[in-house]
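In what follows, chains are A, B, ... by sequence order, proteins preceding strands, each numbered from 1.
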2 protein chains.
Amino acid sequence: MFQGEHKNTMDAKGRVNIPASFRETLRSRYGDEQVIVTRDYDGCLHAYPPKEWERNVIASLRSRDFNDKWRRSYERFVVSPAVTCIPDKQGRILLPPTLRDFAELDKAVLFAGGEGHFEIWDIARRESQLEQDLDMLKNGPQHP
Amino acid sequence: MFQGEHKNTMDAKGRVNIPASFRETLRSRYGDEQVIVTRDYDGCLHAYPPKEWERNVIASLRSRDFNDKWRRSYERFVVSPAVTCIPDKQGRILLPPTLRDFAELDKAVLFAGGEGHFEIWDIARRESQLEQDLDMLKNGPQHP
DNA sequence: ATCTATCACCCACAATTACCCACTTCACGC
DNA sequence: GCGTGAAGTGGGTAATTGTGGGTGATAGAT
């Protein structure tokens, strides 16, 4: 379990510090600090320890037929852009330009915990997403 | 596993750089850097290490009867146009005009990883494909 | 035979990344 | 107050990666 929300800043080279508590979770629960980072539907990035990546993403891929339409889309959108990131000595990862662009990350970055993975957001985008989320929770999914 | 998406540019001679990480995968996992490149259904090119080419493309060909309709189409569309490409000292391959034209590659080219193969896209084409993919993933296949 | 187009090979430069070191900030204790 | 250590940030440098272009060999055409 990755806990809490943490604001960090990405530097000019595209490096961001992974919150220390997340790194601690990675080490103690998954053995090392590497994560597999990829796109999410909602405009942020998702980071998985390899074991969780395998168990969630790859497994749901394999459950579909090879020529399934959903599978091909999923493969292109989620699996292709994935890269494994290994933190440097300072605990930072370098996000490749394609992922940076997709999530519109520039400086203010937010790490949000979750079960088995965590999210990486551009702060502004996260806030507008939260408004939608709140609306959904109050009014239910059928609301316009 | 070929990881990540990489934007490279094709020069006037039709050469494109294969991302270094892909070449590294080719070397370490398949012994050398050559790939077999051919058409894909969706308007991009597919590149396979010889072993994977044999295991996926040729094998699925052989699984059909010699006079099977699907087999003849598959052979014409996928197998015939395939060429073996060996990177030059800078890591670039030269794509023959027929394949270049088919995938509408001109300058901005995107390499997208995958399991056992990778894709080569014209960037603009890829982006419109991704929009469709995202729509499908968010709304399901029955969405208009 | 000779011309031309194409491709392999080589060199040079630009952009990006890995690796290292240093500094700041903050919380906690003495 | 003042050290101490952990967390987060910034920057320099060397190596790697990506790009552009020149040259000579080769093959096919005239």
Side-chain atoms of residues 76-86 of chain B: list all donor-acceptor pairs with protein atoms under 3.5 Å, sequence neighbours left out, distances to 0.1 Å.
from	atom 1	to	atom 2	distance (Å)
S80(B)	OG	E75(B)	O	3.0

Check your understanding: Are any of the side-chain nitrogens in D42(B) or R72(A) under 4.0 Å away from the carboxylate oxygens of its partner?
Key -> yes
Revision key, fill the gap. Ordered by number, residues from residues 85-115 of chain B within less than 4.0 Å of DNA chain C (heavy atoms) are K89(B), Q90(B), R92(B), L94(B)
Point to revise | Common cluster, V37(B)/L110(B), ILVMFWY with side-chain heavy-atom separation under 4.5 Å | key: no
**Study point:** Polar contact flag, side-chain donor to acceptor under 3.5 angstrom, H46(B)-E119(B)
**Key:** yes
**Study point:** Short N-O contact, E5(B) and R39(A), less than 4.0 angstrom
**Key:** yes
Practice item. Would you check if the side chain of N139(A) reaches a backbone N or O of D135(A) as a donor-acceptor pair within less than 3.5 Å? Key: yes
Review point. Residues two or more places apart in sequence or in another chain: which of them pass salt bridge (charged side-chain N to carboxylate O under 4.0 Å, His left out) with E104(B)?
Key: R125(B)
Practice item. May I ask you to decide if the ring planes of Y41(B) and Y74(B) are parallel, tilted or perpendicular, using 30° and 60° as cut-offs? Key: perpendicular
Check your understanding: Which word best sums up how the rings of F118(B) and F22(B) line up, parallel for under 30°, tilted for 30 to 60°, or perpendicular for over 60°?
Key -> tilted
Check your understanding: Which is the 5'-most and which the 3'-most nucleotide of DNA chain D that has an atom under 4.0 Å from a heavy atom of chain B?
Key -> dT17(D) to dG22(D)
Practice item. Within residues 2-37 of chain A, find the residues that approach DNA chain C with a heavy atom at under 4.0 Å, and present them sorted by residue number. Key: K13(A), R15(A)
Exercise for review: Measure from the side-chain N and O atoms of R15(B) to the backbone N and O of R92(B), and report whether any donor-acceptor pair falls under 3.5 Å.
Suggested key: no
Revision key, fill the gap. In DNA chain D, stems of three or more consecutive pairs, Watson-Crick or G-U, each with both distances under 3.5 Å, turn out to be C:1-30 with D:1-30
Check your understanding: Out of P49(A), S21(A), P19(A), which residue meets the side chain to side chain contact (heavy atoms under 4.5 Å, CB included) rule with F2(A)?
Key -> P49(A)
Review point. Do NZ/NE/NH1/NH2 and the carboxylate oxygens of R29(A) and E115(A) come within less than 4.0 Å?
Key: yes
